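Below, all heavy atoms of this structure are taken into account, side chains as well, without hydrogens, waters or symmetry copies. Source: prediction; values computed, not measured.
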Amino acid sequence: MSNLSESYESRTKFTVNYRNVPDTLLLGKNIIDEFEAKLRTSGFQFLYYNFVKKRVNIDVSKATLQNGRYVLTEDVLKKQIDQQLSQNISLLDLDRNQLVVDLYQVASREIPVSANLNVQYEPNYIMEGELVISPTHITVKGPGSEIDTLKQITTSAISLENVSDDFSEEISLAFPKGLDNTIFSVNRVTVSGKVVKFSEKVFEVPVKVVNFPEGYQVKTFPNLVSVLCKATIEQLKGLSSTDFEVVADYRMVREPENNMLFLQVVQEPEGVYDVKLLENRVNFVLEQL
């Protein structure tokens with residue numbers, strides 16, 4: 001035991017914790033995470049060091065830019081380490097005369113998030129309004145060469161089946177490969193939607209013929225066509241046939257002797273689930289005025 005109280009010199013390894021990284025910089029992937037130091041202390045202290053993981057905090061803000069590299073000189077390193085050692089431990093030497101810190105200038109961008117979501121609804125149910133993503137954008141920080149090409153971040157793929165109620169799902173983000181030095185403000189977002197029951201209603205809408213020859217008129221048979229609209233019950237209550245417009249373009253007739261005009265819906269109410277013609281063509285007669 002008396003030998004343990006005597007002074008010894010020995011080498012030991014320290015694990016590095018980097019602190020006080022400036023906001024304009026980020027640590028790269030090639031940082032040095034440990035180094036070796038020569039210490040003088042009692043045998044008791046060295047015995048203690050053999051059982052305790054040795055860590056030292058390095059203040060990155062003291063690094064200087066030299067030839068394109070961020071460097072902590074030996075004097076700065078020794079001063080920082082010495083301040084963290086016990087009073088009865090002396091720092092004699094380091095295994096390096098400087099510490100090169102892998103730092104790079106950081107760029108920052110706001111990137112929109114899109115949802116890779118597949119929802120299968122129960123019959124007669126739909127989502128009312130738009131899918132809600134929270135947050136809609138995330139902050140991306142990294143080298144300009146890595147983040148400049150990012151257009152959006154997509155969620156991981158998720159499927160929901162037999163949905164008949166409002167839903168809210170927390171989904172992880174699917175980050176592109178090759179962004180080794182990039183960090184993201186969040187790695188998960190919430191995707192939600194309001195689900196409502198819908199119904200169907202048929203509206204009788206007049207056919208409007210456009211682009212027919214001057215000096216003529218066009219009569220269609222029938223002159224009213226059925227339009228099927230799918231929407232919520234409340235929406236359907238407020239709709240009428242005037243909310244729809246069905247057009248037949250005479251310029252699209254290639255063989256007038258067939259007396260057939262094709263139809264399309266050119267106006268429909270906003271926010272409805274689906275609008276469909278129950279017949280997509282009508283017969284016509286071209287009459288000279």
Side-chain angles (χ1 to χ4, degrees), residues 1-109 111 138-150 153 172-173 175-188:
M1 293 292 290
S2 60
N3 289 339
L4 291 176
S5 63
E6 296 178 5
S7 218
Y8 289 89
E9 294 180 5
S10 183
R11 306 193 76 83
T12 189
K13 286 186 177 180
F14 286 97
T15 301
V16 180
N17 290 330
Y18 292 95
R19 297 287 185 266
N20 298 327
V21 179
D23 292 339
T24 57
L25 300 173
L26 280 179
L27 286 172
K29 300 296 184 181
N30 299 318
I31 57 172
I32 295 169
D33 54 11
E34 68 176 21
F35 57 78
E36 195 173 87
K38 186 177 182 181
L39 305 178
R40 180 189 293 127
T41 189
S42 68
F44 285 111
Q45 284 289 345
F46 277 122
L47 183 62
Y48 170 77
Y49 264 53
N50 287 333
F51 290 98
V52 177
K53 195 166 188 179
K54 300 166 286 294
R55 293 183 177 273
V56 64
N57 294 325
I58 297 299
D59 186 352
V60 177
S61 67
K62 303 300 182 183
T64 57
L65 187 60
Q66 300 178 14
N67 298 321
R69 303 185 304 172
Y70 290 89
V71 175
L72 286 160
T73 64
E74 184 178 19
D75 289 342
V76 172
L77 269 178
K78 283 185 175 180
K79 183 177 179 180
Q80 290 192 27
I81 297 167
D82 202 39
Q83 291 173 345
Q84 298 174 63
L85 296 175
S86 301
Q87 290 184 349
N88 57 351
I89 300 177
S90 298
L91 175 62
L92 302 180
D93 193 19
L94 295 174
D95 64 353
R96 65 197 63 233
N97 56 18
Q98 65 179 18
L99 177 64
V100 178
V101 186
D102 184 19
L103 291 168
Y104 56 89
Q105 290 287 334
V106 63
S108 178
R109 292 181 61 201
I111 306 294
I138 65 170
T139 302
V140 180
K141 293 183 178 180
S145 59
E146 285 189 7
I147 71 172
D148 283 350
T149 58
L150 285 177
I153 299 294
S172 61
L173 296 174
F175 297 120
K177 295 180 179 179
L179 303 180
D180 296 333
N181 295 305
T182 297
I183 60 174
F184 301 85
S185 58
V186 298
N187 57 17
R188 302 178 72 84

Euclidean distance, R188 CZ relative to L173 CG, rounded to 0.5 Å: 8.5 Å

Flag side-chain contact, heavy atom, 4.5 Å: D33 against V16: no

L103 side, atom CG; L26 side, atom CG - distance, nearest 0.5 Å: 8.5 Å

Heavy-atom pair with the smallest gap, counting every atom of L150 and P176: CD2-CG, 3.8 Å

Nearest heavy-atom neighbours spanning Q80 and Q84: O-NE2, 3.1 Å

Set of side chain to side chain donor-acceptor pair (under 3.5 Å) partners for S61, sequence neighbours left out: D59

D93 to E74 - nearest heavy-atom pair and separation: OD1-OE2, 4.0 Å

Partner residues of Y104 under the ring pair (Phe, Tyr, Trp, His ring centres under 6.0 Å) criterion, sequence neighbours left out: none

Set of side-chain contact (heavy atoms from CB on, under 4.5 Å) partners for K29, sequence neighbours left out: D180, N181

Contacts of Q98 that satisfy side chain to side chain donor-acceptor pair (under 3.5 Å) - sequence neighbours left out: none

Exceeds 12 heavy-atom contacts within 6.0 angstrom, atom NZ of K78: yes

I31: partners by side-chain contact (heavy atoms from CB on, under 4.5 Å), with sequence neighbours left out: Y18, L27, D102

Side chain to side chain donor-acceptor pair (under 3.5 Å) partners for D95, two or more places apart: none

Minimum heavy-atom distance V106-G142, with the two atoms named: CG2-N, 3.6 Å

T12 side, atom OG1; K54 side, atom NZ - distance, nearest 0.5 Å: 3.5 Å

Spacing of CD1 belonging to I138 relative to CD1 belonging to I183, to within rounding of 0.5 Å: 11.0 Å

Criterion side-chain contact (heavy atoms from CB on, under 4.5 Å) against I58, the qualifying member of L77, N17, V101, I32: L77

Exam field: side chain E34 to backbone K13, donor-acceptor pair closer than 3.5 Å: no

Nearest atoms (heavy-atom pairs only) where F175 meets V186: CZ-O, 3.6 Å

Exercise: identify the closest heavy-atom pair between V60 and P22: CG1-CD, 4.4 Å

Any donor-acceptor N/O pair, R96 side chain to F35 backbone, under 3.5 Å: no

Distance, nearest 0.5 Å, that separates OG1 of T182 from CZ of R109: 10.5 Å

Pairwise distance CG(L94) to NZ(K38) - rounded to 0.5 angstrom: 12.0 Å

